[in-house]
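Notes follow the structure.
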Amino acid sequence: MENLAGAQLPLDPFAEALPAIDIRMDWRYLDLRRPFNLLLFKVQTLAEMAMREYWLKTGFVEIHTPKLMGAPSESGAELFEVEYFDRKAYLAQSPQFYKQMAMAAGFDRVFEIGPVFRADPSFTSRHMTEFTGVDMEMSWVDSHEDVMAFMERWLQYIYQRVSDVYGAEIREVMGHDVIVPSLPFPRIPMAEAIEILKGRGYTLPADKKGDIDPAGEREIGAYVQEKYGHEFVFLTDWPISVRPFYHMRHPDNPNLTRSFDLLATGLEITTGAQREHRADVLERQALEKGLGLGPINFYLDFFRYGCPPHGGFGLGLSRLLMVMLGIPNIRETVYLFRGPTRLNP
RNA sequence: GGGGGCGUGGUGUAGCGGUCAAACAUGCGGCCCUGUCAAGGCCGAGAUCGCGGGUUCGAAUCCCGUCGCUCCCGCCA
């Protein structure tokens, strides 16, 4: 390829060796010329289309919730604050509350693909301060199992579509095989997962309180690959100490939630749960967590006038692409990366 | 917020106390060759080794500080 630009390129899209990741981010428009990247965004387009296809076939309605919020939706610790005329507003860190509002409104099943903001100063290969969240919520579930059962079929459909259309090209350009996952995905309760880790000689940090650290998750991913030959695993039934107040608890074990994470090749790509839809129980759980009711009263009100039992999940679009295409750094899977020190271009 | 690593021509790397006014690859410019292009050959431009200070007879190479980047942990998608 001849350079007709009349200047020396800071980044040669067809060079053998790629520049460091921050140089590639600086010159992203040159980096994006690489065939690898064009293919990546073709895959993303198809994947999103497949998501919507499956949702539409199963009775879902698309919603777009506001990204400007008057009050923190969940923890509040990782919120971006912005000026909003004569007061403060916050960038949405999740559509969680608003998609549940749709359940109270009788929408039955909703989804949203949209931006999410997290003011986390996280410097890792899998975090961004702005990313595309893939969220859904469905009514009339009996437990989180119904959500997982839906999700694994949905994911299998997406993988199948991507594999059918781009499998060969992905193998050629990216050197990676898209493996359409078999059903059902393995499910491992958290208590069992911790025992498995112990059995493999993996020592969890002492202060994890029923949680698993990223290295432990990778270890579980390896275990699942060995035992089941599967890239995915649902870690289920997390202790209440590490889950938000709105996760429903097990009636027979109030220390555990009806929740799950989905790990793909050891990477956390999803958190989901059945939600607590009973207003009195929800309020009690919020108080137990030490939350002030003031900021979440509007949310608690959703459930005071009738709301079906429901559950859902949130998935990181770029994290899905990472595992689907075998890309180790999330910055490569997003059009323009946003991180604690990256606001340009 | 805590910890590790890195910072050498456009880019990727080597060098890790003197022989380094810094090497290799690629890219860039020119010429040659070739009935086009590419490949190949030759020549050339391009870094005072992030910045500041220190140690030393002598530092890209050691130490301190600083800035930047990166990865891991925390947290999560």
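These numbers come from the heavy atoms of this one structure, side chains and all, not from hydrogens, waters or symmetry mates. What you see is a predicted model, and the numbers here were worked out from it, not measured in a lab. So you know, we letter chains A, B, ... as the sequences are listed, proteins then strands, and number each from 1.
As the counterpart of B:G68, B:C6 is assigned, both hydrogen-bonding distances of the Watson-Crick or G-U wobble pattern falling under 3.5 Å. In this structure, B:C16 forms no base pair with any nucleotide, since neither Watson-Crick nor G-U wobble geometry is met with both distances under 3.5 Å. Using Watson-Crick or G-U wobble geometry with both donor-acceptor distances under 3.5 Å, B:U48 finds no partner in any strand shown. Using N1 to N3 plus N6-O4 or O6-N4 for Watson-Crick, or N1-O2 and O6-N3 for G-U wobble, each under 3.5 Å, B:U11 pairs with B:A25. Nucleotide B:U36 is matched to nothing when pairs are restricted to Watson-Crick or G-U wobble geometry with both distances under 3.5 angstrom. The pairing partner recorded for B:G1 is B:C73, the criterion being a Watson-Crick or G-U wobble arrangement whose two distances lie under 3.5 angstrom.
Within 4.0 Å of A:Leu267, counting heavy atoms only, lies no atom of the nucleic acid at all. A:Gly133 comes within contact range of no nucleotide atom at all, as no heavy-atom separation falls under 4.0 Å. Residue A:Leu320 is classed as having no contact, given no heavy-atom separation below 4.0 Å to the nucleic acid. Within the nucleic acid shown, A:Leu11 has no heavy atom closer than 4.0 Å to any nucleic acid atom. The residue A:Ile23 sits close only to the backbone: its heavy atoms come under 4.0 Å of sugar-phosphate atoms, none of a base. Backbone-only engagement by A:Arg218 is indicated by non-hydrogen atom pairs under 4.0 Å involving sugar-phosphate atoms exclusively. Note on A:Asn329: only backbone sugar-phosphate atoms sit closer than 4.0 angstrom, heavy atoms only; bases stay farther off.
The residue from A:Phe232, A:Phe150, A:Tyr228, A:Tyr159 that alone fulfils the ring-ring contact (aromatic ring centres under 6.0 Å, His included) condition with A:Phe185 is A:Phe232.
Atom-to-atom distance recorded for A:Asn344:CG and A:Phe337:CZ is 13.0 Å, nearest 0.5 angstrom. Atom CZ in A:Arg109 sits 12.5 Å away from atom CH2 in A:Trp55 (nearest 0.5 Å). Taken from CG in A:Leu235 to OG in A:Ser259, the straight-line distance is 10.0 Å, to the nearest 0.5 Å.
Following rounding to the nearest Å, A:Asp12 (CG) and B:G10 (P) show an atom-to-atom distance of 15 Å. In this structure, the CG atom of A:Leu204 is 10 Å from the P atom of B:G74, given to the nearest Å. Going from atom CG of A:Asp26 over to atom P of B:G10 covers 14 Å, rounded to whole Å. Straight-line distance from the CG atom of A:Leu18 to the C1' atom of B:G27: 14 Å, rounded to whole Å. Atom C1' of nucleotide B:U70 and atom CZ of A:Arg24 are separated by 14 Å, given to the nearest angstrom. Rounding to whole angstrom units, CZ of residue A:Arg342 and P of B:G68 are separated by 13 Å. Atom pair A:Phe131:CZ and B:C75:P shows a separation of 16 Å (rounding to whole Å applied). Atom C1' of nucleotide B:G12 and atom CZ of A:Phe14 are separated by 18 Å, given to the nearest angstrom.
Going from the P atom of B:C49 to that of B:G7 covers 13 Å, rounded to whole Å. Spacing of P atoms, B:A39 relative to B:C6, comes out at 36 Å, to the nearest Å. Atom name P, nucleotides B:C76 and B:C67: the rounded distance is 30 Å, in whole Å. The same atom, P, is picked in B:U55 and in B:C69; the two are 31 Å apart, to the nearest Å. Remark: the separation of the P atoms in B:C28 and B:U19 is 33 Å, to the nearest Å.
Set against B:C76, B:G12, B:A77, the side chain of A:Glu217 has B:C76 as its closest nucleotide. Comparing B:C72, B:C75, B:G27 by their closest approach to the side chain of A:Phe123 singles out B:C72. Taking the side chain of A:Thr124 as heavy atoms from C-beta on, and the options B:A77, B:G27, B:G74, the nearest nucleotide is B:G74. Of all nucleotides listed (B:G1, B:C69, B:A77), B:C69 comes nearest to the side chain of A:Thr341. The nucleotide whose nearest atom lies closest to any side-chain atom of A:Ala20 is, among B:G12, B:A77, B:G27, B:G12. Taking only side-chain atoms of A:Pro10, from C-beta outward, the nucleotide of B:G10, B:U70, B:A77 with the closest atom is B:G10. Among the nucleotides B:C76, B:G74, B:C71, the one closest to any side-chain atom of A:Pro214 is B:G74.
Taking the centre of each ring, A:Phe111 and A:Trp154 stay at or above the 6.0 Å mark.
Nearest-nucleotide positions on RNA chain B place A:Arg331 closer to the 5' end than the other of A:Arg331 and A:Ser318. A residue-by-residue look at A:Met128 and A:Ile21 shows that A:Ile21 has its nearest nucleotide of RNA chain B further toward the 5' end.
Ring geometry, A:Tyr98 versus A:Phe298: the interplanar angle falls from 30° to 60°, so the pair is classed tilted.
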Show, in sequence, the C-alpha distance, side-chain angles and deciding distance for A:Glu332 and A:Arg24, and conclude whether the salt bridge (Lys or Arg N to Asp or Glu O under 4.0 Å) test is met. CA-CA 9 Å; A:Glu332 305 202 40; A:Arg24 293 173 51 199; 3.2 Å; yes
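You'll find a donor-acceptor pair under 3.5 Å spanning the side chain of A:Ser122 and the base of B:G74, going by distance alone. Between the side chain of A:Arg319 and the base of B:C76, at least one donor-acceptor pair of N or O atoms lies under 3.5 Å.
When atom types are taken as modelled, the side chain of A:Asn329 and the backbone of A:Arg331 share a donor-acceptor pair closer than 3.5 angstrom.
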